[in-house]
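Inspection log for the structure reproduced underneath, given as structure tokens.
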Protein chains: 2
Amino acid sequence: MEMGTNWLNDVEMRAWRSMLSVHSQLYNQLDEELVKAHGITFAEYEVLVHTSEGPGGSVRMASLAEATLISRSGLTRRVQHLVAVGLLERRRCKEDKRGTFAVLTPLGCEKLRAAAATHVRGVREHMISKLSRVELEALADALEKVVDHNSEPG
Amino acid sequence: MEMGTNWLNDVEMRAWRSMLSVHSQLYNQLDEELVKAHGITFAEYEVLVHTSEGPGGSVRMASLAEATLISRSGLTRRVQHLVAVGLLERRRCKEDKRGTFAVLTPLGCEKLRAAAATHVRGVREHMISKLSRVELEALADALEKVVDHNSEPG
DNA sequence: GAAATTTGATTGCTATTGCAACTATCTCAT
DNA sequence: ATGAGATAGTTGCAATAGCAATCAAATTTC
């Protein structure tokens, strides 16, 4: 259908639409692989990863929400579930009694270790391996530039 | 926390994580702009776009689901909503009586035209404008390569 | 050409998400 | 100190998503 609209040009369109496609493909694929192999979703895996990156395998909820790119309420419930299945613990913060830490349990640590192998293999297989070193660096640089610009205030 | 795990190396990590970040940032930003300016979500906008690209502004449901990267059941309900607000119509397919077309209404056409301006401006502002011509082409090429590899059967 | 299989699409159900509202605690200006 | 406002986190609620089951129509098989 002809719209006479101000569409994106070819390069712009290819960049934007392929971003949506890559994200969708990889997210679904990696999620499926994790669920099949380890019984956790990609979303849950992300929580474990970012928790493990904090000191002592613990992170404040707000920080974790930001790292995992979801809302605070969404994170509350994801953590609730991970606590229920024994992969995380919650710990009150002593310096700020409003605060809560998510803490990796030994079981969570085990699970993360195992899942990371699957995840890393998936990322390499479905994305990294399709690109040359140069292409990968160009991709990382371009994407990071966009992230940085949009992260700054204003 | 030290995990001794087979993590991604620096470039791999930067490429992969920044992809997640860019997608999240842009999706949320563009969605918010469309909702504010035109009262439709980005997901709904995508349906209108891909519908308009079919002959006579009409597309079969299955094809539309694939283009908009969601499940068929998800699409059924999105289209239901867009029909309810008058932006789409449903039309039975005569050659295959199982089939259904989503068809853009005149109102939907208007809405798309208006929303496209907002959307295109957003994509340019939040992504395209942060990159040089060369960077943008490298980004598009790399992402498309990944998409193509993962789209092929096998 | 009837039966079996496949395909197109929708529906029931459940899970996940975010927004807005809420509680609790902290900070700061006066 | 105290009261106003900011911040951390959780909860109610409604919207949206996908899977599995279902129904209808087309296609294949024998």
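In the text below, chain A, chain B and the rest are named by the order of the sequence lines, each starting its count at 1.
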Hey, does Arg92(B) reach any base, or is it just sugar-phosphate, or nothing, if we go heavy atoms under 4.0 Å?
nothing
Give the rounded distance in Å between these two atoms: CD of Gln80(B) and C1' of dA17(D).
14 Å
Between C1' on dA15(C) and CG on Asp31(A), what's the gap in Å once rounded to a whole number?
13 Å
OP1, OP2 of dT10(C) versus side-chain N and O of Arg90(B): anything below 4.0 Å?
yes
Which pair of non-hydrogen atoms, one from Val103(A) and one from Ser58(A), has the smallest distance, and what is that distance?
CG2-CB, 3.9 Å
I'd like to know if Ser71(A) reaches the base of dC19(C) with its side chain, counting only an N/O donor and acceptor under 3.5 Å.
no
Candidates Glu33(B), Gln25(B), Glu32(B) - the one meeting side-chain hydrogen bond (donor to acceptor under 3.5 Å, both in side chains) with Gln29(B)
Glu33(B)
Mind calculating the distance between NZ (Lys94(A)) and C1' (dA8(D)) to the nearest angstrom?
19 Å
Return the value, rounded to whole Å, for the distance between atom CD of Glu32(B) and atom C1' of dG18(C).
13 Å
Sorted by position of nearest nucleotide on DNA chain C, 5' first, the leading residue of Gly74(A) and Arg98(A) is Gly74(A)
Between CZ of Arg91(A) and C1' of dG9(D) the distance, given in whole Å, is 18 Å
Met61(A) CE to dT7(D) P: how many Å, rounded?
19 Å
Phosphate contact (dG8(C) OP1 or OP2) by Arg60(B) side-chain N/O below 4.0 Å
no
Mark yes or no: Arg91(B) above the aromatic ring of Phe101(B), with NZ or CZ under 6.0 Å from the six-membered ring centre and no more than 45 degrees from the axis.
no
With a non-hydrogen cut-off below 4.0 angstrom, is Ser73(B) in contact with a base, only sugar-phosphate, or nothing?
base
Less than 4.0 angstrom between a side-chain N/O of Arg78(B) and OP1 or OP2 of dA9(C), yes or no?
no
Within the 4.0 Å heavy-atom criterion, would you say Arg77(A) contacts the bases, only the backbone, or no part of the nucleic acid?
base
Which part of the nucleic acid, if any, lies within reach of Ile70(A) when heavy atoms closer than 4.0 Å are counted: base, sugar-phosphate only, or nothing?
sugar-phosphate
Quick check on DNA chain D: between Ser63(A) and His81(B), whose nearest nucleotide comes earlier from the 5' end?
Ser63(A)
Can you tell me if Thr68(B) uses its side chain to pair, donor with acceptor, with the backbone of Val47(B) under 3.5 Å?
no
Expressed in angstrom and rounded to an integer, what is the separation of Leu64(A) atom CG from dT10(D) atom P?
11 Å
Nucleotide nearest Ala43(A) when distance is taken to its side chain, options dG9(D), dT17(C), dA9(C)
dT17(C)
Tell me the interatomic distance from Asn28(A), atom CG, to dA17(D), atom C1', rounded to whole angstroms.
11 Å
Per nearest nucleotide of DNA chain C, the residue lying toward the 5' end, Asp96(B) or Asp96(A), is Asp96(B)
How close do Met19(B) and His23(A) get, counting heavy atoms only, and between which atoms?
CE-CA, 3.8 Å
Check whether Met13(B) and Leu30(A) end up in the same hydrophobic cluster, where Ile, Leu, Val, Met, Phe, Trp and Tyr are linked by side-chain heavy atoms less than 4.5 Å apart.
yes
The side chain of Lys97(A) lies closest to which of these nucleotides: dT10(D), dT25(C), dA26(D)?
dT25(C)
